[in-house]
Amino acid sequence: MDRKCSTKQRMESVIPEVTKTHESCAGIDEAGRGPVLGPMVYGMCFCPLSEKEKLAQMGFADSKQLTEEQRCKLFEDIKGASDFVGWSLDIISPSLISNSMLGRCKYNLNALSHDSAIGLVRRALDNGVNITELYVDTVGDPAKYETKLSREFPAIKVTVTVKADSKFPIVSAASICAKVTRDEAVKNWQFVEAMPGDCTSHESYGSGYPSDPQTKAWLERVVDPVFGFPQFVRFSWSTADKLLEDKAVAVKWEDDDEDEHSQGTMKLSQFFSGKDKVKKHKFFEERKLSMIQDL
C-alpha cells in the first residue's frame, strides 16, 4: 500500500476473456472489519459459471479457517488460474474509515462496505465481465442488503447470506484475496510519522485487534498528546477514543458559524491576505480541519 495513501486504493488482475464471453459468477467478501489497526480490504473474484466445480476442486474454504501459509498458496493458485479467474480489491485506509465515521455527514462502516462492494461489481461490469450471479457475505441484515444489491443490479441474480465464504467457493476465493492482501499491508506498513524505533515492526503491534494486549500496549506507547495516532490507527474505534480521552490534550470545538455581532465587520487578516492562499498541511486536510476564527 502506498505509504502516503490516506484514502482508498484498488488492485486488480487482468480480466480473463472467457468471463466476458460466458455467463459468470462473482463473489465478494472483506477482511479487517474489526481491527483498530490497518486497512479494511474488500475483495471480489469472478469466473465462468461453467468453471464453478473446477474452482471448488482447488480447495477454497473460509480464509479465517486456513493458516497463513495455506492462504498465501491459494492466492498464488488464484493468480495462476488467470485464464478463467479474475479478481479485484479495494484497500480502504484507516484514515478514510475514521474520517468517514466521524465526519459531519456520518458515513458508517456498513455504508462504506456496501458502497465498496457496489463499486467492485460496477467496475467489473464496465470492463465487460458478464456477471449473471453474485454471492456476497453479508454486512448487516442479509435480506435488506440483498434487496439493495438487486435494485442496483437488476440483471444479476444476487445471493447475500451469512458465512457465504464457507458456502460458495467463489466467495471463499474473494475472502482469501482480501485476507492475504490485508495481512501483507499490516505486516509491511510504512509509517510516515516519526515513531519510536521499536514501534514500527509487525511484531511490536500484534494482531491489530482491540482485544489483543500487545496491540493495546502499542497504542498507549504511540499516542501523541496533541496529534493523536499515526495513520495506521482507526482513531474512530472506541479503544483509540478512550486512550485519547485519557492521554491527549482536551480540545474545545467552537461553532463554525460566525457570531451574529461580527457580521459585516472586516477582519484584520483581510487587510493582509493576498491572492495566493497557503496550502494546508496534509494532517489538517485528511481530518477536514479548518480555521474557525481569524485574527
Side-chain angles (χ1 to χ4, degrees), residues 1-11 30-43 63-64 66-69 71-72 75 89-103 109 112-113 116 177-251 253 279-289:
M1 188 172 185
D2 185 346
R3 71 193 305 266
K4 295 183 180 180
C5 179
S6 58
T7 53
K8 181 167 66 174
Q9 289 181 294
R10 179 161 290 169
M11 296 173 56
E30 54 76 25
R33 182 178 172 84
V36 66
L37 303 181
M40 178 172 71
V41 179
Y42 252 78
S63 66
K64 303 176 188 66
L66 301 171
T67 65
E68 182 177 0
E69 184 179 358
R71 287 193 297 267
C72 289
F75 190 29
L89 300 164
D90 267 355
I91 306 172
I92 306 169
S93 74
S95 294
L96 177 58
I97 293 171
S98 294
N99 288 333
S100 297
M101 295 176 68
L102 297 179
L109 198 59
L112 188 63
S113 299
S116 180
C177 292
K179 177 65 174 169
V180 170
T181 302
R182 175 184 147 79
D183 286 350
E184 286 298 309
V186 170
K187 189 183 299 183
N188 300 296
W189 190 267
Q190 298 294 308
F191 291 89
V192 296
E193 303 86 359
M195 299 283 290
D198 58 346
C199 288
T200 58
S201 68
H202 175 49
E203 292 77 14
S204 67
Y205 43 77
S207 67
Y209 280 87
S211 59
D212 186 342
Q214 191 172 353
T215 298
K216 287 183 178 179
W218 183 86
L219 287 168
E220 291 181 1
R221 290 199 61 195
V222 303
V223 63
D224 184 277
V226 175
F227 296 106
F229 294 104
Q231 291 181 352
F232 188 46
V233 180
R234 303 178 189 178
F235 52 86
S236 56
W237 258 230
S238 59
T239 306
D241 187 52
K242 181 67 167 59
L243 275 175
L244 289 174
E245 287 183 6
D246 295 342
K247 295 182 176 292
V249 177
V251 177
W253 298 101
K279 183 176 174 60
K280 290 182 183 178
H281 188 276
K282 185 178 180 182
F283 175 88
F284 299 99
E285 287 185 339
E286 290 171 352
R287 290 159 178 79
K288 298 181 176 61
L289 298 177

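A distance of 10.5 Å separates OG1 of Thr239 from NZ of Lys242, quoted to the nearest 0.5 Å. Rounding to the nearest 0.5 Å places CE of Met195 at 10.0 Å from OG of Ser201. One finds the CG atom of Asp183 at 10.5 Å from the CG atom of Asn188 (value rounded to the nearest 0.5 Å). For the atom pair NZ of Lys216 and CG of Leu243, the computed distance is 9.5 Å after rounding to the nearest 0.5 Å. In this structure, NZ on Lys8 lies 12.0 Å from CG on Leu89, to the nearest 0.5 angstrom.
The shortest side-chain heavy-atom distance between Met40 and Leu109 falls under the 4.5 Å cut-off. The shortest distance between side-chain heavy atoms of Arg182 and Pro39 falls below 4.5 Å. Two residues are said to be in side-chain contact when any heavy atoms from C-beta on lie closer than 4.5 Å; Tyr205 and Val222 fail this criterion. Between Val41 and Ile92, the closest side-chain pair of non-hydrogen atoms is not below 4.5 Å. Annotation: side chain of Ser207 is in contact with side chain of Thr215 (closest heavy-atom distance under 4.5 Å).
The aromatic rings of Trp189 and Phe232 sit tilted, their planes meeting at an angle between 30° and 60°. Relative ring orientation between Phe191 and Trp218 is described as tilted, the plane-to-plane angle lying within the 30° to 60° band.
Listed here is the closest heavy atom pair of Ala178 and Gly43: CB-N, 4.0 Å. Of all non-hydrogen atoms in Arg234 and Arg33, the two that sit nearest each other are NH1-O, 3.1 Å. Minimum heavy-atom separation, Val36 to Ala240: CG2-CB, 4.3 Å. The two residues Val186 and Gly38 come nearest to each other via the heavy atoms CG2-CA, 4.3 Å. Met11 and Ile91 get closest at one heavy-atom pair: SD-CD1, 3.6 Å. When all heavy atoms of Pro210 and Pro35 are compared, the closest pair comes out as CD-CA, 4.2 Å.
A donor-acceptor pair under 3.5 Å links the side-chain atoms of Ser100 to the main chain of Leu96, judged by distance alone.
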Practice problem: Starting from the C-alpha separation in whole Å, work towards a yes-or-no answer on side-chain contact (heavy atoms from CB on, under 4.5 Å) for Leu37 and Leu219. | Solution: CA-CA 9 Å; Leu37 303 181; Leu219 287 168; 4.0 Å; yes
Exercise. List the steps, then state whether side-chain contact (heavy atoms from CB on, under 4.5 Å) holds for Phe235 with Met101.
Key: CA-CA 10 Å; Phe235 52 86; Met101 295 176 68; over 6 Å; no
Practice problem: Start with the C-alpha distance between Glu193 and Asp224, add both sets of side-chain angles, then the distance that settles side-chain contact (heavy atoms from CB on, under 4.5 Å), and finish with yes or no. | Solution: CA-CA 11 Å; Glu193 303 86 359; Asp224 184 277; over 6 Å; no
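Other residues, nucleotides and ligands contribute only 12 or fewer heavy atoms inside 6.0 Å of the CD atom of Glu69.
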